[in-house]
Amino acid sequence: MSEYNDQVEALMAQQAKGKGTNYRVLESGLRQKLKDGTIQQQDVAIALRVASEIGSLRSRVLYANIKRAAQQEHETQQTE
């Protein structure tokens, strides 16, 4: 996941400085986080950015799945 974290940092830096980001690495990291069940709210925004930059159906489905997982996690936390 360190490569994923590096790309997240690059994405944040890009927004501040205009640096490049490897969206495929971010997509792969998001898939792994979804599989592991470690999705956080920040990942929804990253998935949206990945889906808009890559534009593939696969990346848009990933965004929808991550958004759903984050909502479920949020609802679970509220009921506890």
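Atoms considered below: every heavy atom in the structure, side chains included; atoms not considered: hydrogens, waters and symmetry mates. Each residue takes its place number in the sequence, starting with 1.
Within the structure, salt bridge (charged side-chain N to carboxylate O under 4.0 Å, His left out) pairs that include any residue of residues 37-46 comprise K33-D43 (at least two apart or interchain).
Atom CD in E3 sits 9.5 Å away from atom CG in L26 (nearest 0.5 Å). Between the CD1 atom in I46 and the CD atom in Q40 there is a gap of 9.0 Å [rounded to 0.5 Å]. Distance CG/N22 to CD/E27: 10.0 Å, rounded to 0.5 Å.
Put simply, the side chain of V61 reaches to within 4.5 Å of the side chain of L57, judged on heavy atoms. Between V8 and Q42 there is a side-chain heavy-atom pair separated by less than 4.5 Å. Contact of the K67 side chain with the Q72 side chain is not registered, since no non-hydrogen atoms from C-beta on lie closer than 4.5 Å. The shortest distance between side-chain heavy atoms of Y23 and R49 falls below 4.5 Å.
When every heavy atom of Q41 is checked against every heavy atom of A70, the shortest pair comes out as OE1-CB, 4.1 Å. Pairing each heavy atom of L30 with each of A47, the nearest pair is CD1-CA, 3.6 Å. Closest approach of I39 to L34, counting heavy atoms only: CD1-N, 3.7 Å.
Grouping the Ile, Leu, Val, Met, Phe, Trp and Tyr side chains by contacts below 4.5 angstrom, directly or via other members, places L48 with Y4. Under the 4.5 Å side-chain contact rule for hydrophobic residues, I54 and V44 share a cluster.
Put simply, the side chain of Q7 never gets that close to the backbone of V25: no donor and acceptor are under 3.5 Å apart. Listed for the S28 side chain is no donor-acceptor partner under 3.5 Å among the backbone atoms of R24. Distance alone, capped at 3.5 Å, is enough to place a donor-acceptor pair between the R60 side chain and the S56 backbone.
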* To do: Start with the C-alpha distance between Q32 and D36, add both sets of side-chain angles, then the distance that settles side-chain hydrogen bond (donor to acceptor under 3.5 Å, both in side chains), and finish with yes or no.
  => CA-CA 6 Å; Q32 186 63 45; D36 296 343; 2.9 Å; yes
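Contacts of E73 classified as side chain to side chain donor-acceptor pair (under 3.5 Å), with partners at least two apart in sequence or in another chain: Q77.
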